[in-house]
Every structure is written in structure tokens, then in C-alpha cells.
Amino acid sequence: MNFETLAIHAGSEPDAATGAVIPPIYQTSTYKQDGVGGTRGGYEYSRTDNPTRAALEECLAALEGAEAGGARAFAFASGMAAEDCLLRVACRPGDHVIIPSDAYGGTYRLFAKVLSEWGISFTPVPLHDLAAVEAALAARPARIVWAESPTNPLLSVPDLRALAAAAHAHGALLVADNTFASPYLQRPLELGADAVVHSTTKYLGGHSDVVGGAVVVPAASGALAEGLAFTRNAAGAVPGPFDCWLTLRGVKTLAVRMDRHCANAELVAQMLAGHPAVTEVFYPGLASHPGHQVAKAQMRGFGGMVSFRVRGGEQQAVDVCGRTRLFTLGESLGGVESLIEHPARMTHASAAGSALEVPADLVRLSVGIENAADLVADLEQALTVQR
Ligand SMILES: Cc1ncc(COP(=O)(O)O)c(C=O)c1O
């Protein structure tokens, strides 16, 4: 089956008891057992397993792993919970991790403020520079190379296949945060990654109405998958059944939404690239983007995220964020509605003063699926006042 078909049908077999076409919300914490140890289908407690969550996981596993020999997916209460669990399964005190030099601020904070207290060290490296990655791996053994592609918020595009080869040559795992691309545009397991993480809050959910996360690993990765199942149950950062249901509902339309996100973002990026108030545009779909060729090779489309720098510095960036009428000023991304934000003061404030600090004149857009001309006009009016 092809992607669009899997997105709608994987995990969504009509309910055996009633024929319900959509998986029910199993809003239950526990399950009646037919005698001690006599579970029905293995369900005993909803921290461990829940049928609505299982439906979502079956779908995510199919989307990320169909062409990679199968996969197992684990849903979490948030993207950060997914990252935390994966790192606690894969790493031990004393281990070292290479992270992107422009990682999502929350990921940086997890390493810098939480995991460093538990003996896990990290080095930020520009992952689109393979020689820099090789040098970092040669200088100090790493347990994990942690990639994002494209990165948040600078949209750099590391070559995931080359990173997997480099990581494996040095005995490290490659983890890919696939939040910005979604499995419709990019499937890191097919490119050699050992695990994929998602903030399902974003494109997978797609409607800005639910927070969630996921880890997807190849079906053959026995120990990693068993560790994730064990630690998620032991530590307990699970999503509720309604959240899983909302996410699964969002996933069904992922393909058509992403096509529109990509088309709209391309038009927005082209307008910005020609605008006198804009000094630099970050969008992998622009031929001038340094990662354009890599993105073309490893992605089906270039995504819905666009960042740009303004000529007037930080104040102008903040002003533009306050002037749009259609783009809503807010954190997060990947919903049907367009959002605008100032990373240095908002999503990436936790990276201030670090090697991952983002430019103060940077604006980030999550381009939604509204009418493209309306979106372009809104940005033009927000920028025009500045000239
Ligand atoms: C690339 C990326 N990874 C992970 C996360 C964390 O996900 P969540 O907010 O669902 O915890 C985010 C959130 O913005 C993100 O952008």
C-alpha cells in the first residue's frame, strides 16, 4: 500500500465488536480479566497498553517503516517525553551525544539542564558539515548522533544517509528528529537511522489541538524496542486515549496537508527572497539554500517551515511578528493555520548565551494551508511598514 492509503487505514481496521469505522476512544484505565492472568488481548492497565494508543502506534510504524522492513512505534505524552525516554534507554552515565549546532531549544535544554546532571555530555556540531561530524566522532566516542532535518529554526539539512554511515562507522546510533518533515516528506529509517523521534504535536496531529510525541525504531531493533516499552511503562510518560485519537485523526490527512504546506511555503519563501526588508531566507526549497540538493535527494517536498532575517535587526523582527493579521503570533508549528514567532525570545530563548543561540533578527513562519495569496499579502503588509 502507498503512503496516503496507509495513513488512512493502518491501525484503523473497523472495530471487531461494532463495526465502528473509526477506532473508538478507549477511555479506560483498566481492563476486566477473565480469571487471574486471563487478559483479553494482553490489555491489563492503560499505562502499559491501550487500544486507541495501539491504533496510533500501528499507523505511525507503518508510515515510517513500511519501506524499511517494518517498524515499531511508541507514543508519548509529548515530543520531549519521547526524547527523554529514548535517551534514557540508549545512554548511560558517562555517555556522550553529538547534537545539531542549531537544535530545537527544548532539545538543547534537555541535554544542558537535565541530562547533563545525570552524566550525559553533549557537543553541538553543524551536522550539515560532514567533515565536522567525522572530526567530532574521531575526537571523542559518541553513543548517539542526534540529528534534526530540517533543523528548527534555521532549516539546515544534514545528509541523513551520510550521517548514518559516519555514526555507524564509529559505533554510534543515528537518531533523527523528523518533526519538521513528517514521514510523508522524509523517512529516516529508510536512510539508515536507528530511531526516529517526533513531536506529533506538529504536522502529524496537524490541527494545534493536541500535544504528543513518538519514537519509531526498526522492527529488527530488538533491544532498543524492548527498552522503550519497558522504560515508557516504568517511567509513565504516556499519552491519554483521547490525545491518541486526535493525533490518529490528524494523521489520516497528513499527505494532502503536507502537499499544500509545501506549495504555500514555496510561494512565501519566493516573495521573501525578493523583498528589500529581508536579508536572508532559510527554506530548503530555494535553489540558493546550501542544503537544497540534499533535501531534494532525501525529501519528497521541502516542508512548510520558512525562517528569514530582517534588515532592521531585532526590533524589526519583533515588530513584524506583531503586525501580521493572518499569521498568528504563537509558538508551535505544523497546524493548518499559519503561525509566526520570534525564536530568540520565544521557542529558542533557552539557547540564549549558548553555542546554539539564534540570530536576534530571525523570524520563523509555520506556513499553513490557507490561501497562498492571502498569506503572501499578510506578510507583505507586515514588512511594508518597515521600509
Ligand atoms: C523539532 C522539535 N522536536 C521536538 C519538539 C518537542 O515536542 P513537544 O513540544 O511535543 O514536547 C519540538 C517542539 O517544538 C520540535 O520543534
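As the structure lists them, so they are numbered: ligands from 1, and atoms in each ligand from 1. For clarity, every value in this text was computed on a predicted model and none was experimentally measured.
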Ligand 1 N/O within reach of M80 N/O, cut-off under 3.5 Å: yes
statement: Note: ligand 1 atoms sitting under 4.0 Å from heavy atoms of G212 are 10 (O)
message: Taking only non-hydrogen atoms of A81, do any sit less than 4.0 angstrom from ligand 1?
response: no
query: For E148, is at least one N or O under 3.5 Å away from an N or O on ligand 1?
result: no
- prompt: Going by an N to O cut-off under 4.0 Å, is there a salt bridge joining D361 and R309?
  reply: yes
query: Any nitrogen or oxygen of T107, main chain or side chain, under 3.5 Å from a nitrogen or oxygen of ligand 1?
result: no
Identity and separation of the nearest protein heavy atom to atom 5 (C) of ligand 1: Y104 CE2, 3.4 Å
statement: Short version for E331: what comes under 4.0 Å of ligand 1, heavy atoms counted, is neither
message: With a sphere of 6.0 Å drawn around CD of Q33, does it hold more than 12 non-hydrogen atoms of other residues, nucleotides or ligands?
response: yes
Polar proximity ligand 1 side, G79 side, N/O cut 3.5 Å exclusive: yes
field: Output field: ring centroids H292/F302 closer than 6.0 Å
entry: yes
task: Look at the aromatic rings of F122 and F111 and report parallel, tilted or perpendicular, splitting at 30° and 60°.
output: tilted
query: Are E83 and ligand 1 in contact, using a heavy-atom cut-off of under 4.0 Å?
result: yes
statement: ligand 1 atoms nearer than 4.0 angstrom to some heavy atom of K202 are 7 (O), 9 (O), 12 (C), 13 (C), 14 (O)
task: Among L383, L329, V278, find the one that has a side chain to side chain contact (heavy atoms under 4.5 Å, CB included) with V320.
output: L383
message: Only heavy atoms of D177, strictly under 4.0 Å: list the atoms of ligand 1 that pass.
response: 1 (C), 2 (C), 3 (N), 4 (C)
message: Go through it in stages, so that I can follow the logic: the residues are D102 and V358, the test is side chain to side chain contact (heavy atoms under 4.5 Å, CB included), and I'd like the CA-CA distance, side-chain angles, deciding distance and then a yes or no.
response: CA-CA 8 Å; D102 55 348; V358 296; over 6 Å; no
task: Run the numbers on E331 and R364 for salt bridge (Lys or Arg N to Asp or Glu O under 4.0 Å), then give the verdict.
output: CA-CA 10 Å; E331 304 207 354; R364 189 190 77 180; over 6 Å; no
- request: Measure the distance from atom 16 (O) of ligand 1 to every protein heavy atom, then report the residue, atom name and distance (to 0.1 Å) of the closest one.
  value: N152 ND2, 2.9 Å
query: When rounded to the nearest 0.5 angstrom, what distance separates OH in Y31 from OG1 in T48?
result: 9.0 Å
